[in-house]
Amino acid sequence: MHSKPLALKSLVAAMLLCGAVNASAQITVYTDRNAFLAAVGGYGVDSYDDLDIDLYDSPLGRSAGAYGYTATAPGGLYGAGSGSDGWLSTNVDGDGIVFSNFAPGVTGFGGYFFGSDVLGSFLPGGSLLFTAANGGTLNYTLSNATTSSFLGFVSSSPLSSVTMTGGGDYWVTANDVTLAMPVPEPETYAMMLMGLGLVGWMRRRRG
């Protein structure tokens with residue numbers, strides 16, 4: 001009879017599922033890049049160094065390492081920055097950028113965010129409003145942003161979008177956008193090990 005192995009398979013699947021589900025979706029804000037990276041698992045960075053100083057259609061498909069995403073602005077996007085350090089900005093003053101369509105499982109979003117002028121050069125004094133969404137939303141204002149102003153969000157469930165808008169006569173700008181996966185929790189490891197042990201026991205019993 002196979003009733004016991006089938007029941008054990010169902011039990012293993014249920015335990016693994018319970019270990020992977022988090023009932024409450026929280027978003028934590030980080031303003032230090034090292035702390036952000038310590039709170040996530042695998043990650044990838046989109047440096048924008050491949051962008052020319054030029055207009056780009058919106059939406060724009062991009063990737064941060066192995067993790068794809070889309071950047072969208074109503075009036076189009078613009079390659080800003082100078083020399084070999086490229087940035088992503090908007091084509092129209094006052095437009096915001098929506099980062100969305102993240103690769104499955106992405107729970108971390110971060111980068112350097114600031115304002116730029118009509119020529120695509122850094123403009124000091126910018127204040128940026130961010131809205132991170134994961135089913136719920138979290139709003140955060142980054143004041144007096146500079147090219148070294150890091151901001152990151154780490155969610156307990158996959159992120160659906162992060163929106164960046166400005167509030168002055170400048171163009172919102174992003175650099176080194178980072179997408180990240182979660183760090184497996186100790187409970188998940190324990191459930192996985194228990195499940196593997198049960199699977200091994202079932203194989204021995206079949207022998």
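Since we're looking at a predicted model, the values are computed, not measured.
Between the side chain of S156 and the backbone N or O of Q26, at least one donor-acceptor pair lies under 3.5 Å. Judged by distance alone, the side chain of S155 and the main-chain N or O of S157 form a donor-acceptor pair under 3.5 Å. At distances below 3.5 Å, at least one donor-acceptor pair connects side-chain atoms of D117 with backbone N or O atoms of L119.
Y140 and T31 get closest at one heavy-atom pair: OH-CG2, 3.6 Å. The minimum heavy-atom distance linking N144 with S149 is given by the pair O-OG, 4.3 Å. When every heavy atom of L151 is checked against every heavy atom of F130, the shortest pair comes out as CD2-CD1, 3.4 Å. Contact record, S161 with V98: CB-CG1, 4.4 Å, taken as the closest heavy-atom pair. For the pair P74 and G96, the tightest heavy-atom approach, listed with the atom from each and the gap, is CD-O, 3.7 Å.
Just one residue in the list F114, Y48, F113 forms a ring-ring contact (aromatic ring centres under 6.0 Å, His included) with W87, and that residue is F114. When each of Y112, F150, Y43 is paired with F36, the ring-ring contact (aromatic ring centres under 6.0 Å, His included) condition holds for F150 and for no other.
Relative ring orientation between F99 and Y69 is described as tilted, the plane-to-plane angle lying within the 30° to 60° band.
A distance of 9.5 Å separates OG of S116 from OH of Y78, quoted to the nearest 0.5 Å. Once rounded to the nearest 0.5 Å, the distance linking CG of L51 with CG of D46 reads 7.5 Å. A distance of 6.5 Å separates OG1 in T178 from CG in L37, rounded to the nearest 0.5 Å.
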For this session: Run the numbers on R62 and L77 for side chain to side chain contact (heavy atoms under 4.5 Å, CB included), then give the verdict.
Result: CA-CA 12 Å; R62 298 290 299 178; L77 295 155; over 6 Å; no
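Between the side chains of N139 and T131, at least one donor N or O sits under 3.5 Å from an acceptor N or O. Side chain to side chain, T90 and D95 fail the donor-acceptor criterion of an N or O pair below 3.5 Å. Between the side chains of S89 and T173, at least one donor-acceptor pair of N or O atoms lies under 3.5 Å.
Residue D169 qualifies as open at atom CG: its count of foreign heavy atoms under 6.0 Å is 12 or below.
Note on V172 and L142: same hydrophobic cluster, where clusters join Ile, Leu, Val, Met, Phe, Trp and Tyr whose side-chain heavy atoms are under 4.5 Å apart, directly or indirectly.
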